[in-house]
Q: 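Below is a structure I'd like to ask you about.
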Amino acid sequence: MTAQSYIFHLADEAATLALAALFAPHLRHGAVVYLQGDLGAGKTTFSRGLLQAMGHHGNVKSPTYTLVEPYTIAEQQVFHFDLYRLRDPEELEFMGIRDYFSKGNLCLIEWPERGYGLLADADLDLQLQIDQNQRQLCVTANQPDAVLWLNAIKLAWEQAQ
Ligand SMILES: Nc1ncnc2c1ncn2[C@@H]1O[C@H](COP(=O)(O)OP(=O)(O)OP(=O)(O)O)[C@@H](O)[C@H]1O
Ligand SMILES: [Mg+2]
């Protein structure tokens, strides 16, 4: 099966949060989501929109120093990673990275390129690009379920515009 991609135009932070919320119902049974893009591109903003739409109340802090922040939202285990400060991929081995990818868990991974070779494959690849004061988000769905999610999200997004 070939991967499918779609580019969303996100005019402001509210748009990033609104799009992220559309992902929430599709990720309740677990998934691996990579979030790529430059510093300040909106990876944490997207993660916050998603976590809050799933039912998390309160802050979403960037796990820059801890590498991972765990959440339990309505019995769903969610792990939000930020690997920017990872110095040695071995640190991921020490933290028992494989266990985080158990079926049913949702893993959101900022800077996945720093953990290359040690992470589970992504169901969804999100690439954020800074476009002046706005953002472009290219979403790639890498497996059949993810293609269905992406098509449903696309439709809901277009209807909301
Ligand atoms: N669609 C958008 N248009 C304009 N600004 C946006 C948009 N989405 C988010 N922002 C802003 O861009 C910044 C993104 O910061 P954020 O911490 O989410 O980036 P990040 O990709 O996680 O960076 P880092 O690599 O440092 O973790 C925030 O100031 C946010 O308000
Ligand atoms: Mg971030």
Q: Ignoring hydrogens and angles, tell me if any N or O in the side chain of Q76 forms a donor-acceptor pair with the backbone of T72 under 3.5 Å.
A: no
Q: Could you go step by step and tell me if H9 and Q136 meet the side-chain hydrogen bond (donor to acceptor under 3.5 Å, both in side chains) rule?
A: CA-CA 5 Å; H9 301 275; Q136 303 230 28; 3.2 Å; yes
Q: Look at the side chain of K103 and the backbone N and O of A31, then say whether any donor-acceptor pair between them is shorter than 3.5 Å.
A: no
Q: Is a side-chain donor or acceptor of D82 paired with a backbone partner of Y84 at a separation under 3.5 angstrom?
A: yes
Q: Between the side chain of Q52 and the main-chain N/O of G58, is any donor-acceptor distance below 3.5 Å?
A: yes
Q: Between atom CG of L51 and atom CG of L108, what is the distance when rounded to the nearest 0.5 Å?
A: 6.0 Å
Q: Find out if a path of hydrophobic residues (ILVMFWY) with successive side-chain heavy-atom gaps under 4.5 Å connects W111 to L126.
A: no
Q: Output all residues satisfying side-chain contact (heavy atoms from CB on, under 4.5 Å) with E90, sequence neighbours left out; order by chain, then residue number.
A: D88, F94
Q: Between R135 (side chain only) and A41 (backbone N and O only), is there a donor and an acceptor less than 3.5 Å apart?
A: yes
Q: As a quick check of understanding, evaluate side-chain hydrogen bond (donor to acceptor under 3.5 Å, both in side chains) for D125 and N142, giving each step before the final call.
A: CA-CA 8 Å; D125 258 312; N142 294 320; 3.3 Å; yes
Q: Determine, for E91 against R85, whether the closest basic-nitrogen to carboxylate-oxygen distance falls under 4.0 angstrom.
A: no
Q: Can you tell which of H29, R28, M54 makes a side-chain contact (heavy atoms from CB on, under 4.5 Å) with L106?
A: M54
Q: Aromatic contact between F101 and F79, with the criterion being ring centroids under 6.0 Å apart: yes or no?
A: no
Q: Could you tell me whether the side chains of N105 and Q77 share a donor-acceptor contact shorter than 3.5 Å?
A: no
Q: Output the distance between atom NE2 (H80) and atom NZ (K43), rounded to the nearest 0.5 Å.
A: 9.5 Å
Q: What I'd like to find out is whether the side chain of L83 reaches to under 4.5 Å of the side chain of V68, using heavy atoms alone.
A: no
Q: Would you find a donor on one side and an acceptor on the other, under 3.5 Å apart, between the side chain of Q132 and the backbone of Q134?
A: no
Q: Only counting residues at least two apart or in another chain, list the ones meeting salt bridge (charged side-chain N to carboxylate O under 4.0 Å, His left out) with E93.
A: R98
